[in-house]
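Beneath this line is the structure, given in structure tokens, with notes to follow.
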Amino acid sequence: MAARIGVIALLLLAAGAIGASYVFLKSEPPIPPGREEVVFWHFWGGADRDVVEGVVRRFNKSQDRYFVRAVAMPGNNLDVKLFLSVSGGDPPDLVNQDDPIVADWAARGALTPIDELASPEEMEQLHAWLFPAARRLTEYDGRMYGLCNGLDIRALYYNRTLLQEYGLGPPQTLAELDQIAAKVSEVDDRGRIVRAGYLPNPDRLWAWGVVFGGEFHDASTGRVTVDNPPIENALQWMVGYSRRFGASEVANFRPGGQTLPGKTFALLPLTESSPHGPYAAIMDGQWHVRELTESQTARREKGLPVAEYGVCPLPPPPGGRRRAGWVNGNFFLVPRGADQPEGAWEFMKFWSGFGGQEFAAAKTCVDGGWIPVSQQVVDQPAFQTYLTAQPLFAEFVALAGSENQLPIPVIPGAPFFKDEMNNTASHAMLYPAEPVAPQLEAAARRIEAHLARQNGEE
């Protein structure tokens, strides 16, 4: 009972904090006369927050009907804050998210479908206008519940200079990636990895499973298919690295290649004496292009040796998918009960570029270093100029339109699904002597049981 009271008190405290924030927000600055306020919650901070506020200013100047007020809501409890605001009858008008929660929120009746905001003609145009990956991120149960405004694509970064020293080029096949790992990796006399040609990250089974030709979920039957042969083969290949270098050594070395805030990207040099970092090749997203460019500039200014880098699609095995991988991104959601859903829709279109606003969206994507959600934005002269100056970033953008970029399944229980697969892959790589197939079969049963509970089937 005491624990329950504590939880209730915590929720009431959070609700009070949200209410207080609204009082503060609505007190300054004043809404221009004749405008309707659109309250927009987002998670961006630092330099990205400045970009967001710039988009808001441009939108507010572009018309005289709505006035968007951006509210930074950092932290991991945005869902709790949202549902408290919905239950309290005072939700924001617009939320931006990047977690796989669309189906959960939609199934709970917390979201307004886009077809209630857009006309039938707009919906038809929107479907053709968006990249397939951008559509998939917010489609649930035959309806679109959000509008994607930026894609995150994973590809293979590589140290071109280092590979050339070994007579190697960018890998076009999985066998060539394995060759990089075999030839470029270095271990010391105690068997510790000093440099990795390549090491798989267990959290990226989502990408490699797709590249190997697998599907994690069958939308037509609702069946969890994480134990199908392509995904089993992908995990088996990943586990092979633990067998080759030693599970504990891979586990110990790999955290240096993680991309948590404050971490140095693993392709970057750790010392001034060498232009090479701890990895020769690593899978990651487009946001690291800026880090690589800044590092190269800083080293040139100091007269230090500089490595050249490249980006290529994830190399497939025989019979696998090309230009494939795991995609996610940022998307707008309109809570059910919002005061200004029409204003939210207008701002969503402005940011993404839909409805003839591609020019404004191109500037937004250049300012933020974000991948557009439509080829029509990519084709804008301002964005093409940006890609010419950033050829590594251009490689990620070229993958954005591929049919083979797949998100985590958009179903209720997707966050559990995501964590369960990551945990299964981590266990398999830590214990490479254990057969992979039974682990995936057990994961499928756990996920299916969880999904059944989500749907009230048990």
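None of these values were measured; they are calculated from a predicted model.
- Defined by atom type and a distance below 3.5 Å, a donor-acceptor pair is present between the side-chain atoms of Gln286 and Asp152.
- Between Arg446 and Glu441, no side-chain nitrogen of the basic residue sits less than 4.0 Å from a carboxylate oxygen of the acidic one, so the salt-bridge criterion is not met.
- Other residues, nucleotides and ligands contribute only 12 or fewer heavy atoms inside 6.0 Å of the CD atom of Glu124.
- Contact check on Glu139 versus Arg136 returns no salt bridge, with no Lys/Arg side-chain nitrogen under 4.0 Å from an Asp/Glu carboxylate oxygen.
- Shortest non-hydrogen contact noted between Leu392 and Gly310 is CD2-CA, 3.6 Å.
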Using the salt bridge (charged side-chain N to carboxylate O under 4.0 Å, His left out) rule, take Asp367 and Lys363 through it: C-alpha gap first, then chi angles, then the decisive distance, then the call.
-> CA-CA 6 Å; Asp367 290 348; Lys363 175 173 173 48; 3.2 Å; yes

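- Atom CZ of Phe359 has 12 or fewer neighbouring heavy atoms from other residues, nucleotides or ligands inside a 6.0 Å radius.
- Counted within 6.0 Å of CZ on Arg322, heavy atoms from surrounding residues, nucleotides or ligands total 12 or fewer; the atom is thus considered open.
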Determine, step by step, whether Glu294 and Arg300 satisfy the salt bridge (charged side-chain N to carboxylate O under 4.0 Å, His left out) criterion, reporting the C-alpha distance in whole Å, the side-chain angles of both residues, the deciding distance to 0.1 Å, and the verdict.
-> CA-CA 10 Å; Glu294 290 174 352; Arg300 288 191 180 99; over 6 Å; no

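- No option in Phe265, Trp287, Phe393 other than Phe265 meets the ring pair (Phe, Tyr, Trp, His ring centres under 6.0 Å) test with Tyr157.
- Of the N and O atoms on the side chains of Tyr241 and Asp178, at least one donor lies less than 3.5 Å from an acceptor on the other residue.
- A donor-acceptor contact under 3.5 angstrom links the side chains of Trp129 and Glu358, judged on distance only.
- Classified by interplanar angle (parallel below 30°, tilted 30° to 60°, perpendicular above 60°), the ring pair His450/Phe416 is parallel.
- Taking the centre and axis of the six-membered ring of Trp44, the NZ or CZ atom of Arg49 falls outside the cone set by 45° and 6.0 Å.
- Remark: Arg244 CZ is packed, more than 12 non-hydrogen atoms of other residues, nucleotides or ligands lying under 6.0 Å away.
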